[in-house]
K.L.:
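Let me begin by handing over the structure; questions about it come next.
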Number of protein chains: 2
Amino acid sequence: MAKMRASGKKSVSIKDVAKLAGVSVSSVSRYLNGGSNVSPVSQKKIAQAIETLNYRPSALARALVREINPAIAVVTINSSQLGPTQMLGGIESRARERGASITISVPETDRREDILNSLHMAADQNPLGIIFMYPDMVDENISDFFPLEGPYVMVTGQQTMGAHEVSLCDQEGGEIITRYLLSLGHKTVYHVAVPVRLEYNRRLQGWRKALENTGSYIPDPIICGWDPEDAREIGRRLALNDDVTAVFAGNDELAIGLISGLRDMGKRVPDDVSVAGFDDHPLSGFWDPGLTTIHQEFIRAGRESVDLLLRQIPQYQEDVNSVVAGESGEETGVSKKSLDIHGKLVIRNSTGAPHKEK
Amino acid sequence: MAKMRASGKKSVSIKDVAKLAGVSVSSVSRYLNGGSNVSPVSQKKIAQAIETLNYRPSALARALVREINPAIAVVTINSSQLGPTQMLGGIESRARERGASITISVPETDRREDILNSLHMAADQNPLGIIFMYPDMVDENISDFFPLEGPYVMVTGQQTMGAHEVSLCDQEGGEIITRYLLSLGHKTVYHVAVPVRLEYNRRLQGWRKALENTGSYIPDPIICGWDPEDAREIGRRLALNDDVTAVFAGNDELAIGLISGLRDMGKRVPDDVSVAGFDDHPLSGFWDPGLTTIHQEFIRAGRESVDLLLRQIPQYQEDVNSVVAGESGEETGVSKKSLDIHGKLVIRNSTGAPHKEK
DNA sequence: CTGAAAGCGCTTACAG
DNA sequence: CTGAAAGCGCTTACAG
């Protein structure tokens with residue numbers, strides 16, 4: 001009856017409890033699930049048996065028989081970036097509140113097969129559903145990934161499917177910050193882009209759109225790696241070009257690297273060149289100069305994605321509706337099935353009017 | 001046969017495959033587990049049935065019957081901090097390499113009951129084992145948490161149990177950086193501490209030890225929150241005291257906040273006061289001035305903790321040993337059951353000799 | 001090489 | 001209120 005675990009230790013099962021308590025397994029099970037239809041006497045005995053045996057029901061067995069595993073599987077690429085990290089925190093806290101556990105899997109690479117593999121591994125656990133972060137960073141059509149059965153939610157830079165999606169409105173953010181820079185008097189704005197396929201780089205698209213709409217000169221975007229060191233190198237190069245008076249970097253880390261590179265070459269920020277970032281990294285306000293950026297509500301995005309997911313599951317629906325009405329009603333997008341989370345411009349000191357001609 | 005999922009979609013089971021392929025469930029199972037003792041003809045038929053039904057075995061059922069769930073449960077407090085984040089990344093990548101999935105749970109608060117609850121939830125999944133990050137940040141005796149059955153590994157600031165433990169050697173690091181500051185000529189070093197119980201604040205203990213051993217004046221440590229804004233406030237206060245020429249902050253974010261506060265009051269770093277951090281945050285080198293700090297190998301700590309855990313499990317032991325000999329042999333501590341990971345002093349520009357008297 | 005049977009730890013009708 | 005039975009989706013001896 002007492003089985004071995006991987007560790008070699010014995011594990012106690014419901015049978016052990018039943019035997020010790022002198023009741024049937026059914027009764028123990030009933031006791032475990034609310035205690036209805038179990039006599040007070042039995043309850044005492046069972047409680048005691050559980051206590052002395054230190055019994056805990058197997059979540060695995062339960063999930064199997066109930067055909068519902070109260071776990072949310074999150075698959076994410078770029079897991080070490082700020083966005084995914086903060087979103088994971090949000091997912092975790094909201095999942096805990098709603099009684100779900102978290103499973104995470106990050107694909108080995110960005111290739112389709114690896115992602116599909118992660119998605120499948122996630123699905124094999126028979127989770128409540130899958131939260132897929134940044135599918136749009138992948139060089140594939142997003143919907144290709146979802147012949148997968150079961151509920152899911154994607155967190156994307158921009159609405160692409162119109163359902164089961166939390167969008168961070170990256171394009172809008174890119175546009176806003178570029179416009180802001182232009183409004184300061186800059187002739188144009190250069191862009192140092194995060195390494196994401198151009199078709200899915202919404203921040204870049206917003207930047208381009210702002211330039212187009214204002215009839216500004218559109219320089220080639222400069223593709224950067226994730227490492228701020230790459231941005232630093234780019235900053236050194238950009239410092240050589242006096243036409244560069246304003247740069248929008250794809251994220252704050254890159255902006256910081258960029259500023260270092262600019263300074264390496266004697267440029268002052270923002271006096272000689274204005275630099276803006278994206279995300280509002282927790283340290284952005286402490287930088288010298290403080291970084292002008294777009295604040296992204298990543299934690300909230302994570303939390304909302306949990307609610308969006310659970311909303312698809314009958315057993316979890318009732319208490320979700322109250323949440324919908326309460327917290328996120330105002331911003332609900334296309335339908336209750338998707339959500340736009342808008343970034344907010346945060347103006348600090350890394351940006352300013354262009355240097356007057358000497 | 002085809003059951004409903006939480007989503008309401010049908011799920012295909014091994015029975016469906018067996019029926020469609022016209023073989024027994026046993027044969028399908030054998031096919032799934034290596035294909036030995038299955039005739040080529042059957043293999044074809046089974047393969048085809050799986051293909052057309054898009055069948056995937058239930059990880060849950062497998063885990064139940066095999067009595068081993070290839071998942072590692074990680075429970076962590078302070079999950080949004082740099083260390084835990086990077087370690088999680090390391091755990092994740094190493095777990096993937098070794099064929100294990102990851103479950104994470106973070107206690108709602110630091111209180112014993114919440115932590116115990118997380119630990120239990122983790123154990124209920126019957127995972128391969130539990131990796132517990134920073135149990136020593138908790139106001140409890142660590143070993144109290146482990147009447148839990150099953151394999152586990154703790155990642156701590158300092159060896160406390162002597163087994164199943166990856167230590168980051170925080171005390172040593174605190175000592176090294178304090179000594180470095182003293183070697184620069186500072187009379188003493190102030191400490192802005194992370195909000196961790198004093199008994200378990202190894203960085204602080206290292207700092208104190210260095211001061212004691214050199215007979216330096218030992219100022220009261222200044223307890224700070226996790227928010228760099230708190231450190232900024234402290235920096236402003238410290239700026240008022242001209243005796244403060246060197247400060248060691250409990251981590252880099254705090255050091256950055258501190259520098260901001262010092263500057264708010266007109267102090268120059270390092271000319272007026274030297275500031276050192278801890279961790280070697282990815283942005284530390286880009287700060288102006290670059291932060292002198294202790295580099296911590298968090299990612300490696302995460303990876304090693306996976307190996308340490310798997311080493312306790314018979315089914316995973318063979319290929320671990322090669323790893324032991326290969327990668328981490330040199331640094332193996334007390335035994336193969338625990339490991340010290342030493343931080344490294346990184347000298348940048350935020351520290352220097354004390355200001356000469358004017 | 002193959003299938004029927006028993007069992008993993010639990011839950012859920014079903015009869016008392 | 002209670003227990004015996006069937007079943008969740010799989011695997012693993014056990015007989016052929």
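Because the structure is predicted, anything quoted here is derived from the model rather than measured. In what follows, chains carry the letters A, B, and so on, assigned in the order in which the sequence lines appear, proteins first and then strands, with residues in each chain numbered from 1.
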K.L.:
In whole Å, measure the gap between the P atoms of C:dG7 and D:dA4 for me.
P.N.:
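These two P atoms come out 16 Å apart once rounded.
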K.L.:
Side chain of B:Leu32: nearest nucleotide among D:dT11, D:dT2, C:dG3?
P.N.:
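So the nucleotide nearest the side chain must be D:dT11.
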K.L.:
Report yes if a side-chain nitrogen or oxygen of A:Asn37 is closer than 4.0 Å to either non-bridging phosphate oxygen (OP1 or OP2) of D:dT2; otherwise report no.
P.N.:
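It does not, given that no N or O in the side chain of A:Asn37 lies less than 4.0 Å from OP1 or OP2 of D:dT2.
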K.L.:
What pairs with B:Glu108 under salt bridge (charged side-chain N to carboxylate O under 4.0 Å, His left out), at least two apart in sequence or on another chain?
P.N.:
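Once residues adjacent in sequence are excluded, B:Glu108 has no partner under the salt bridge (charged side-chain N to carboxylate O under 4.0 Å, His left out) criterion.
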K.L.:
Before accepting this row, confirm whether a basic side-chain N of the pair A:Asp114/A:Arg111 lies closer than 4.0 Å to the acidic partner's carboxylate O.
P.N.:
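Salt bridge flag = yes for A:Arg111 with A:Asp114.
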K.L.:
May I ask you to evaluate whether A:Arg66 reaches the phosphate of C:dT11, defined as a side-chain N or O under 4.0 Å from OP1 or OP2?
P.N.:
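Yes, A:Arg66 has a side-chain N/O under 4.0 Å of OP1/OP2 on C:dT11.
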K.L.:
With nearest nucleotide decided by heavy atoms, which residue, B:Ser27 or B:Val65, maps closer to the 5′ end of DNA chain C?
P.N.:
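Mapping each residue to its closest nucleotide by heavy atoms, the 5'-most match is B:Ser27.
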K.L.:
Please work out the stems of DNA chain D from pairs that are Watson-Crick or G-U wobble with both distances under 3.5 Å, keeping only runs of three or more consecutive pairs.
P.N.:
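Stems for DNA chain D, defined as runs of 3 or more consecutive pairs: C:1-3 with D:14-16, C:5-12 with D:5-12, C:14-16 with D:1-3.
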K.L.:
Closer to the 5' end of DNA chain D via nearest nucleotide, is it B:Leu64 or A:Gly22?
P.N.:
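Whichever sits nearer the 5' end wins; that is A:Gly22.
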K.L.:
Side-chain donor-acceptor pair under 3.5 Å between A:Ser93 and A:Arg303, yes or no?
P.N.:
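A:Arg303 and A:Ser93 do have a side-chain donor-acceptor pair below 3.5 Å.
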K.L.:
Would you please confirm or rule out a distance under 4.0 Å between OP1 or OP2 of C:dC10 and any side-chain N or O of A:Tyr55?
P.N.:
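For C:dC10, OP1/OP2 do have a side-chain N/O of A:Tyr55 under 4.0 Å.
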K.L.:
Establish, with yes or no, whether the OP1 or OP2 oxygen of D:dT11 is under 4.0 angstrom from a side-chain nitrogen or oxygen of B:Ser29.
P.N.:
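So the side-chain polar atoms of B:Ser29 do come within 4.0 Å of the phosphate oxygens OP1 or OP2 of D:dT11, strictly under.
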K.L.:
Give every pair of a protein N or O atom and an N or O atom of nucleotides 4-6 of chain C that lie under 3.5 Å apart, one pair per line with the distance.
P.N.:
{"residue": "C:dA4", "atom": "N7", "partner": "B:Ser26", "partner atom": "OG", "Å": "3.3"}
{"residue": "C:dA4", "atom": "N6", "partner": "B:Ser26", "partner atom": "OG", "Å": "2.5"}

K.L.:
Mind calculating the distance between CD1 (B:Ile68) and C1' (D:dT11) to the nearest angstrom?
P.N.:
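Taking CD1 of B:Ile68 and C1' of D:dT11, I get 14 Å after rounding.
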K.L.:
Check whether any side-chain heavy atom of A:Val155 sits under 4.5 Å from a side-chain heavy atom of A:Met87, and report yes or no.
P.N.:
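A side-chain contact under 4.5 Å exists here.
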K.L.:
Should A:Lys15 be listed as having a side-chain N or O under 4.0 Å from OP1 or OP2 of C:dG7?
P.N.:
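Answer is no, no contact under 4.0 Å.
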K.L.:
Side chains of B:Leu32 and B:Ile14: closer than 4.5 Å at any heavy-atom pair?
P.N.:
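Of all side-chain heavy-atom pairs linking B:Ile14 with B:Leu32, at least one is under 4.5 Å.
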K.L.:
Any salt bridge linking A:Glu165 with A:Lys337? Criterion: basic side-chain nitrogen under 4.0 Å from a carboxylate oxygen.
P.N.:
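A salt bridge is absent here (no side-chain N lies under 4.0 Å from a carboxylate O).
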K.L.:
What residues form a side chain to side chain contact (heavy atoms under 4.5 Å, CB included) with A:Ser167, not counting sequence neighbours?
P.N.:
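Expected list: A:Thr156, A:Gln159, A:Cys169, A:Asp340.
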K.L.:
Check the distance between C:dC1's P and B:Tyr31's OH and give it to me in whole angstrom.
P.N.:
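After rounding, the gap between these two atoms is 15 Å.
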K.L.:
Where along residues 39-51 of chain B does a heavy atom come under 4.0 Å from DNA chain C, residue by residue in number order?
P.N.:
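Here the set is B:Ser39, B:Ser42.
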K.L.:
Holding to side-chain hydrogen bond (donor to acceptor under 3.5 Å, both in side chains), I want the full list of residues that pass it with B:Glu92, two or more places apart in sequence or in another chain.
P.N.:
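B:Glu92 satisfies side-chain hydrogen bond (donor to acceptor under 3.5 Å, both in side chains) with B:Arg96 only.
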K.L.:
Can a side-chain donor-acceptor contact be found between B:Thr76 and B:Ser79 if the only test is distance below 3.5 angstrom?
P.N.:
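B:Thr76 and B:Ser79 do not have a side-chain donor-acceptor pair below 3.5 Å.
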